[in-house]
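Reading through the structure tokens given below for one structure.
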Amino acid sequence: MSSEIIKVPDIGGSTDVEIIEIPVSVGDVIAAEDTMITLESDKASMDVPAPKGGKVVKILVKEGDTVSEGDDILELEAEGGGEDDAGASTEGDESAAQDDAESKKDDGASEKAEPKPAAKKSSGGGKRTVEVKVPDIGGSEGVEIIEVPVSEGDEIGEEDTLITLESDKASMDVPSPYSGKIVSLSIKEGDSVSEGDVIGTMEIAGEGDDEAEEDAPAEDDAASDSAESDTAEDDGDAEAEEAEAGGRQEIRVPDIGGSDGVEIIEVAISEGDEINEEDTLITLESDKASMDVPSPFKGKVVEVSVKEGDSVSEGDLIGYVEVAGAKKAAKKPASGGKSADAGAKQGGDAKPSADKAESGKSSASQPDKRTEYTGEPSPEAREKHGDDKTAGAHVHAGPAVRKLARELGVDLGEVKGSGPKGRIVKDDVDGFVKQVMKTRKSGGSAAAPAATGGAGIPPVPAIDFSQFGEIEEKPMSRLMRAGATNLHRSWLNVPHVTQFDEADITELEAFRKAMKEEAQQQGAKLTPLPFMIKAAAKALEKFPQFNVSLHPDGDKVIQKKYFHIGVAVDTPNGLMVPVIRNVDQKGIIELAKEVIDLAGRAQEGKLKRDEMQGGCFTISSLGSIGGTAFTPIVNTPEVAILGVSKSQMKPVWNGSEFKPRMMCPLSLSYDHRAVNGADAARFTAYLAQVLTDIRRILF
């Protein structure tokens with residue numbers, strides 16, 4: 001067993017990236033590719049895999065630390081004794097390969113990646129097996145694979161997505177160069193790849209006899225690249241000298257992987273802005289990738305030559321920057337340095353600076369037709385700028401998924417992602433569409449975000465009240481917020497109607513006062529409320545259409561066979577509605593005791609959740625406070641609520657004379673979808689009869 005220090009690998013040039021998770025501990029035995037730490041920058045999050053298996057001896061970092069490429073992560077006791085030899089052999093092979101590459105470079109024959117991978121004949125006669133490699137990805141290295149939508153054995157078409165990559169600047173779908181069958185995959189989600197890395201092998205149609213023909217042009221290309229490389233180096237020197245001189249510098253679209261006519265979905269700068277090197281200038285989106293174009297200079301933006309919706313290609317003018325200082329020398333590759341090695345590794349496939357300059361001159365010398373572009377910005381650009389044409393917020397999804405969503409008219413803000421770190425994949429979009437269609441077919445409606453302004457009503461504008469005098473902001477309690485949400489939901493969804501009536505409770509009050517002392521001896525405080533609760537249960541039994549809830553599908557009602565009555569209680573923290581169960585089975589004294597108990601615990605905030613659930617009907621009594629009538633809001637999913645106001649002695653005509661009678665105002669609010677107006681009038685009339693002659697409760 002050997003012990004070695006595992007370091008942070010290439011993380012795309014980012015520095016001081018925060019560690020947000022360390023899923024391993026000292027003593028853990030881990031396998032190759034197991035996650036050691038998880039990093040998160042302002043552009044991406046990535047898992048750092050173990051390069052080999054072994055036992056964790058010591059962890060050299062902690063959550064919250066910031067690391068860069070080459071920093072120590074942990075000490076690992078590697079498995080097996082032969083790995084060091086294998087590693088040495090591998091290092092020797094790599095060293096030999098590098099020496100060979102350097103030798104070829106000195107001879108001026110740089111290798112060039114072929115347009116399509118070399119094919120190997122298979123025994124399949126009319127079929128051949130080819131290796132599929134990572135294409136030009138704009139010079140990025142160690143780019144993380146965040147999705148592999150294909151599996152071994154899948155039949156795919158040309159341009160179908162093989163893998164999805166995400167760097168700190170862009171996310172990109174890598175398309176298949178062939179139509180055929182996936183034979184094997186050499187990668188998995190979480191791997192980091194660079195240009196030229198093998199994705200897998202495919203079986204495609206063809207004889208596979210033209211390898212020699214495919215190899216022949218490569219030699220010519222290599223010689224051509226050598227000449228172009230010299231020109232590019234000269235142009236690079238001139239560019240560096242020009243940047244060091246400062247002054248007005250033009251900014252052009254860099255190498256964007258050979259794509260042409262790529263749409264600008266956001267312009268992040270304006271004239272007069274002070275920007276730093278690597279700040280985002282514009283954001284591009286093709287059907288395969290979205291990417292930020294960084295600034296090569298630090299300075300002041302003096303002119304912007306593009307706008308959202310324009311289509312640009314490599315070398316097109318973005319604008320001009322007044323450069324305050326010299327451009328970093330690191331932009332010019334040093335001979336034999338890391339950049340040169342990277343170039344050799346990529347096979348010289350990067351587009352020469354000379355071509356860029358020539359493209360730039362050509363673009364500058366011809367009229368800029370893009371200024372006449374009349375297209376609209378993409379949905380992503382409208383989202384970023386708050387356009388009401390596109391709802392939802394930014395989501396974690398690749399370009400292909402966004403394109404599919406636009407084609408289907410799906411707002412990605414409503415789709416829940418099932419991919420890594422909540423990423424939305426194509427199956428999530430398909431599943432969302434199926435669910436919407438299923439809901440629509442069953443007569444319901446698709447899920448939609450909550451209406452903040454009330455069913456499309458414009459929201460109340462924010463006002464700075466401090467301009468009128470002294471103010472103090474106080475947070476609403478959790479109970480008040482919950483109550484506000486419930487009342488708002490009920491008011492928006494229920495067609496409210498309120499029926500008013502009066503009950504003659506003269507005899508009830510006489511009986512209550514006569515029984516008051518007897519009730520006290522039994523530990524109960526006898527108020528009018530227990531009589532109201534008992535009478536309400538009797539009315540629900542007489543009119544069962546009030547003891548229902550509407551089914552969510554809108555075409556059924558749920559008839560309840562029990563009688564649970566809720567009582568609204570005013571507490572220091574807000575309105576609470578404890579529920580008294582099986583009212584029809586309890587006497588007046590028992591109800592009086594339960595009302596006092598529940599109201600007391602509500603005031604102290606000691607009610608249990610299940611003591612506020614399951615109500616059939618609610619009573620809100622303001623009789624002890626005052627008022628002649630009010631319109632209570634239905635406590636959904638119930639369909640009715642009774643408001644009781646302060647009783648008053650009134651002269652009532654009995655047919656021959658006026659008599660003083662104690663009259664109690666009743667306000668019945670109901671859901672007009674479940675209850676008709678005539679039934680509501682009958683309900684209040686019957687309730688008044690029961691309260692007038694309390695003996696009716698017995699029958």
Is a side-chain N or O of [X] found less than 3.5 angstrom from the main chain of [Y], in a donor-acceptor match?
X	Y	value
Ser295	Phe297	yes
Thr201	Glu131	no
Glu152	Leu185	yes
Ser68	Asp16	yes
Asp316	Val312	no
Asn486	Gly483	no
Ser176	Tyr178	yes
Glu414	Asp411	no
Ser620	Ala568	no

Kindly give the heavy-atom pair with the smallest separation between [X] and [Y], and that separation in Å.
X	Y	result
Gly319	Ser305	CA-OG, 3.8 Å
Phe546	Ala640	CD2-CB, 3.8 Å
Thr498	Ser669	OG1-OG, 2.8 Å
Gln545	Val675	O-CG2, 4.1 Å
Cys616	Asn547	CB-OD1, 2.9 Å
Leu317	Val306	O-CG1, 3.5 Å

Inset, instruction - List the steps, then state whether side chain to side chain contact (heavy atoms under 4.5 Å, CB included) holds for Ile11 with Leu39. - result: CA-CA 10 Å; Ile11 50 177; Leu39 306 178; 4.1 Å; yes
Rounded at 0.5 Å granularity, tell me how far [atom1] in [X] sits from [atom2] in [Y].
X	Y	atom1	atom2	result
Met202	Ile182	CE	CD1	5.0 Å
Ile282	Ile265	CD1	CD1	10.5 Å
Ile424	Leu412	CD1	CG	5.0 Å
Gln613	His564	CD	NE2	11.5 Å
Thr636	Arg489	OG1	CZ	5.5 Å
Glu69	Asp10	CD	CG	4.5 Å

Inset, instruction - Answer yes if the side chains of Ser466 and Asp464 hold a donor-acceptor pair under 3.5 Å, and no otherwise. - result: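 Present: a donor and an acceptor within the cut-off.
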Inset, instruction - Tell me yes or no: between the side chains of Ser477 and Asn573, is some donor less than 3.5 Å from an acceptor? - result: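 Distance-only check fails for Ser477 and Asn573.
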Report yes if the side chains of [X] and [Y] come closer than 4.5 Å at any heavy-atom pair, otherwise no.
X	Y	answer
Pro9	Val48	yes
Val198	Val132	no
Thr38	Ile19	no
Val301	Ile275	yes
Ile145	Leu165	yes
Ser490	Leu487	no
Glu314	Pro254	no
Asn635	Phe617	no

Compile the donor-acceptor pairs under 3.5 Å between side chains in residues 427-436 and protein atoms, sequence neighbours left out, one pair per line.
| residue | atom | partner | partner atom | Å |
| --- | --- | --- | --- | --- |
| Asp428 | OD1 | Ser418 | OG | 2.6 |
| Asp428 | OD2 | Ser418 | N | 2.9 |
| Asp428 | OD2 | Ser418 | OG | 3.2 |
| Asp428 | OD2 | Val425 | N | 3.0 |
| Gln435 | NE2 | Thr439 | OG1 | 3.3 |

Legend entry - Other residues, nucleotides, ligands: >12 heavy atoms within 6.0 Å of Lys181 NZ: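 Not buried by this count: 12 neighbours or fewer within 6.0 Å.
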Legend entry - Ionic contact status for Glu250 with Arg252, cut-off 4.0 Å: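 Glu250 and Arg252: salt-bridged.
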Legend entry - Side-chain ion pair, Arg673 and Asp671, N-O less than 4.0 Å: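 Asp671 and Arg673: salt-bridged.
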Legend entry - Met612/Val577 under side chain to side chain contact (heavy atoms under 4.5 Å, CB included): CA gap, chis, key distance, verdict: CA-CA 6 Å; Met612 295 186 288; Val577 185; 5.9 Å; no
Inset, instruction - Measure the acute angle between the ring planes of Trp491 and His496, then classify it against the limits of 30° and 60° as parallel, tilted or perpendicular. - result: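 Trp491 vs His496 ring planes: tilted.
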Inset, instruction - For the pair Glu63 and Ile37, evaluate side chain to side chain contact (heavy atoms under 4.5 Å, CB included) and give the outcome as yes or no after the intermediate values. - result: CA-CA 9 Å; Glu63 288 185 9; Ile37 58 175; over 6 Å; no
Legend entry - Pair Val293-Thr280, side chain to side chain contact (heavy atoms under 4.5 Å, CB included): steps then yes or no: CA-CA 6 Å; Val293 175; Thr280 298; over 6 Å; no
Inset, instruction - Begin with the C-alpha distance, continue with both residues' side-chain angles, and end with the deciding distance and a verdict on side chain to side chain donor-acceptor pair (under 3.5 Å) for Thr618 and Glu638. - result: CA-CA 8 Å; Thr618 297; Glu638 299 166 16; 2.7 Å; yes
